[in-house]
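First comes the structure, then the notes that go with it.
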Amino acid sequence: MDVEVAGARHGTPEHPSRLERHACLKFVDPRGLTREWHFRESPGGKPAVVRTRAAIDVDHGPALLDLAAAGAGLCQVLDFMSDARLREGALVEVLAEGPPVHALCLPGRQSVPRVRALLQHLVEELRAVTAW
């Protein structure tokens, strides 16, 4: 199999619209559906779905990261999944404006003290992750 090292053949994509030329490693959810990649056009902007060409479809998050670290292509994952590999230098962040993260709860439950505390904790933790 001809494996492309991310960015080696086509350069580093500067914008999500440039992903069509790259080998993309895509996650397959438990229903067997391949997830498209989501980006924010600008901070606070409307999320955009970018259809990428899948070089490899994977249904296991750690395997997706292993393939990316081995140079098989680009992948889109949430920060907490890739933090350790980014710090080690095994992965390099290419497009930072990834998908927004949402916390959902039943109507009326956001006023329950436990739920409010959890939501506040999530906001603080996610801000800390995106700050580094």
Seminar exercise, completed: Residues passing the side-chain contact (heavy atoms from CB on, under 4.5 Å) test with Glu14, sequence neighbours excluded, are none
Problem set entry | side-chain contact (heavy atoms from CB on, under 4.5 Å) partners of Leu33, counting only residues at least two apart | Asp29, Arg31
Does the side chain of [X] reach to within under 4.5 Å of the side chain of [Y], using non-hydrogen atoms?
X: Cys24; Y: Trp37; result: yes
X: Val92; Y: Thr12; result: no
X: Gln76; Y: Val94; result: no
X: Leu74; Y: Pro13; result: yes
X: Cys75; Y: Leu67; result: no

Determine the minimum heavy-atom distance between [X] and [Y], stating which atoms define it.
X: Ala72; Y: Ile56; result: CB-CD1, 4.4 Å
X: Ala103; Y: Leu119; result: CB-CD2, 3.5 Å
X: Pro62; Y: Arg85; result: O-NH2, 4.2 Å

Exercise. Under 4.5 Å between side-chain heavy atoms, hopping through other hydrophobics if needed: is there a path connecting Val28 to Leu64?
Worked result: no
Exercise. With the 4.5 Å side-chain cut-off for hydrophobic clustering, are Val49 and Leu95 part of the same group?
Worked result: no
Exercise. At what distance, to the nearest 0.5 angstrom, does CZ of Arg109 lie from CZ of Arg114?
Worked result: 6.5 Å
Exercise. Under the side chain to side chain donor-acceptor pair (under 3.5 Å) test, which residues partner Ser17, sequence neighbours left out?
Worked result: His15
Exercise. Within a reach of under 6.0 Å around CZ of Arg18, are more than 12 heavy atoms found that belong to other residues, nucleotides or ligands?
Worked result: no
For this session: Run the numbers on Glu20 and Arg51 for side-chain contact (heavy atoms from CB on, under 4.5 Å), then give the verdict.
Result: CA-CA 8 Å; Glu20 74 274 355; Arg51 298 197 186 282; over 6 Å; no
